[in-house]
Protein chains: 2
Amino acid sequence: MSGAADAIKPEVMKQLFHPEIEDVVPADVFAALGDPIRLGILVSLADCDEVDKARCGAFTELASPSLLSYHFAKLREAGITRSRAEGTVRFLSIRREEFNRRFPGLLDSVIETARRDPSVPRIKIDV
Amino acid sequence: MSGAADAIKPEVMKQLFHPEIEDVVPADVFAALGDPIRLGILVSLADCDEVDKARCGAFTELASPSLLSYHFAKLREAGITRSRAEGTVRFLSIRREEFNRRFPGLLDSVIETARRDPSVPRIKIDV
DNA sequence: CCCATGATTCAACGATCATTGAAATAGTCG
DNA sequence: CGACTATTTCAATGATCGTTGAATCATGGG
């Protein structure tokens with residue numbers, strides 16, 4: 001097409017749903033944490049050296065792409081993580097500040113608990 | 001029956017299963033916490049004035065007896081609570097010390113989080 | 001324009017979940 | 001014993017879960 005002002009950045013991939021942090025409710029948070037793969041995603045994210053630089057594709061040791069997508073959605077819809085698109089890649093990060101404001105201290109205990117436990121799988125994310 | 005040494009206390013009601021605290025795993029704990037009724041039971045227990053004096057029957061505002069029994073079992077099997085029988089009554093309590101040893105700091109954050117949130121139902125337990 | 005790549009969506013599956021109401025069990029007390 | 005109370009168990013329901021594999025979508029590069 002040949003319009004004049006199509007200066008829109010092409011990187012506007014379909015937006016995934018993120019709840020307002022005020023709408024997030026404890027029971028849903030804990031339900032989202034109630035799966036070893038999702039806890040694995042969380043601690044791996046928490047231990048990632050550079051924040052907001054973890055590609056979704058870095059988690060393939062934990063599950064198949066399609067299953068990962070399912071678990072990413074669970075964490076995202078529970079207000080725990082954020083998914084950001086950049087070109088053909090998607091980056092995953094923890095909604096630290098917001099979440100800490102909503103549920104002070106909770107995330108740290110959860111991550112510490114999951115990090116300490118051998119039943120939680122984890123990967124090294126090379127950014 | 002007329003044996004000589006039947007000095008056995010009659011309060012040996014069928015024992016309910018409690019996992020060893022070492023066998024408890026984070027994902028199962030969070031799954032158990034992922035329900036508003038169970039969070040309600042937990043904060044109500046935590047706010048009970050006299051520890052280990054909360055009758056199961058005190059929770060009937062939260063759900064029907066049979067549903068309560070189901071949720072009690074979930075909390076118990078996740079290592080969070082203990083059920084103790086005394087005559088025809090059962091008492092429910094939080095496995096504070098053990099649980100804190102296994103997952104330091106977690107229970108307090110969870111209870112604080114649930115206590116602060118209006119989506120979690122709660123009752124006043126009169127012991 | 002077509003192809004490769006990264007990721008989500010869809011359809012299907014068996015498993016578990018939350019809930020209900022009725023039945024069983026355990027203990028107490030007349 | 002027999003009625004009564006407190007609680008669990010059972011059977012049944014529809015809903016959601018975790019998983020798989022195939023299909024789809026979006027983007028970037030030849």
Side-chain angles (χ1 to χ4, degrees), chain A residues 1 6 8-18 27-41 53-78 81-93 121 125 127, chain B residues 1 6 8-18 25 27-28 30-41 53-78 81-93 121 125 127:
Chain A
M1 58 195 67
D6 49 358
I8 309 155
K9 279 277 190 59
E11 325 152 358
V12 279
M13 196 189 293
K14 181 176 162 198
Q15 279 292 74
L16 301 176
F17 171 70
H18 295 81
D28 291 345
V29 170
F30 292 124
L33 297 172
D35 179 280
I37 295 188
R38 291 197 291 267
L39 287 180
I41 294 170
K53 287 269 179 295
R55 307 179 344 277
C56 286
F59 295 85
T60 41
E61 290 170 54
L62 294 181
S64 73
S66 114
L67 184 52
L68 280 177
S69 205
Y70 169 77
H71 287 305
F72 291 156
K74 288 278 169 190
L75 288 169
R76 183 170 34 81
E77 287 160 12
T81 58
R82 165 160 358 258
S83 294
R84 165 177 70 87
E86 192 172 297
T88 178
V89 196
R90 244 185 243 276
F91 293 91
L92 203 62
S93 58
I125 300 176
V127 24
Chain B
M1 58 197 71
D6 49 358
I8 308 156
K9 278 279 189 56
E11 324 151 358
V12 278
M13 196 191 293
K14 182 177 162 198
Q15 280 291 77
L16 300 177
F17 171 70
H18 295 81
V25 118
D28 291 346
F30 292 125
L33 297 172
D35 179 280
I37 296 187
R38 291 196 291 266
L39 286 179
I41 294 170
K53 287 269 178 297
R55 306 179 345 276
C56 285
F59 295 86
T60 41
E61 290 170 54
L62 294 181
S64 73
S66 113
L67 184 53
L68 280 177
S69 204
Y70 169 78
H71 287 304
F72 291 156
K74 288 280 169 189
L75 288 169
R76 183 168 36 79
E77 287 160 11
T81 58
R82 160 164 287 124
S83 295
R84 164 176 72 88
E86 191 173 298
T88 179
V89 197
R90 243 185 243 275
F91 293 91
L92 203 62
S93 58
I125 300 175
V127 25

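In what follows, chains carry the letters A, B, and so on, assigned in the order in which the sequence lines appear, proteins first and then strands, with residues in each chain numbered from 1. All of these numbers come straight from a predicted model, not from anything done at the bench.
- Rounded to whole Å, atom P of C/dG6 lies 12 Å from atom CZ of A/Phe91.
- B/Arg55 has no side-chain polar atom (N or O) that falls below the 4.0 Å cut-off from OP1 or OP2 of D/dA6.
- Applying the side-chain hydrogen bond (donor to acceptor under 3.5 Å, both in side chains) test to B/Arg55 and every residue at least two apart in sequence or in another chain returns nothing.
- Taken from OG in A/Ser69 to NZ in A/Lys74, the straight-line distance is 12.5 Å, to the nearest 0.5 Å.
- In this entry the distance linking CG of A/Leu92 with C1' of C/dT8 reads 14 Å, nearest Å.
- As rounded to whole Å, 13 Å separates atom P of D/dT20 from atom CG of A/Leu62.
- C/dA7 atom P lies 10 Å from atom CZ of A/Phe59, rounded to whole Å.
- We find that CZ of B/Arg76 is positioned 13 Å from P of D/dT7, with the value rounded to whole Å.
- Counting only heavy atoms from C-beta on, B/Thr88 has its side chain closest to D/dA6 among C/dG6, D/dA6, D/dT8.
- In this structure, B/Gln15 places its CD atom 15 Å from C1' of D/dT7, rounding to the nearest Å.
- Applying the ring-ring contact (aromatic ring centres under 6.0 Å, His included) test to A/Tyr70 and every residue at least two apart in sequence or in another chain returns nothing.
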- Task: For each nucleotide in nucleotides 15-25 of chain C, reading 5' to 3', give B when a protein heavy atom comes within less than 4.0 Å of its base, S when such contact involves only the sugar-phosphate, and - otherwise.
- Result: --SBBBBB---

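- Per the geometry, CZ belonging to B/Arg90 stands 9 Å off P belonging to C/dG27, to the nearest Å.
- What separates CG of B/Asp28 from P of D/dG18 is a distance of 12 Å, to the nearest Å.
- Every residue meeting the side chain to side chain contact (heavy atoms under 4.5 Å, CB included) condition with A/Glu61, not counting sequence neighbours, appears here in chain and number order: A/Ile123.
- Looking at residues two or more places apart in sequence or on another chain, you find a salt bridge (Lys or Arg N to Asp or Glu O under 4.0 Å) between A/Arg82 and A/Glu98.
- Taking A/Ser93 as the reference, A/Asp52 meet the side-chain hydrogen bond (donor to acceptor under 3.5 Å, both in side chains) condition, with sequence neighbours excluded.
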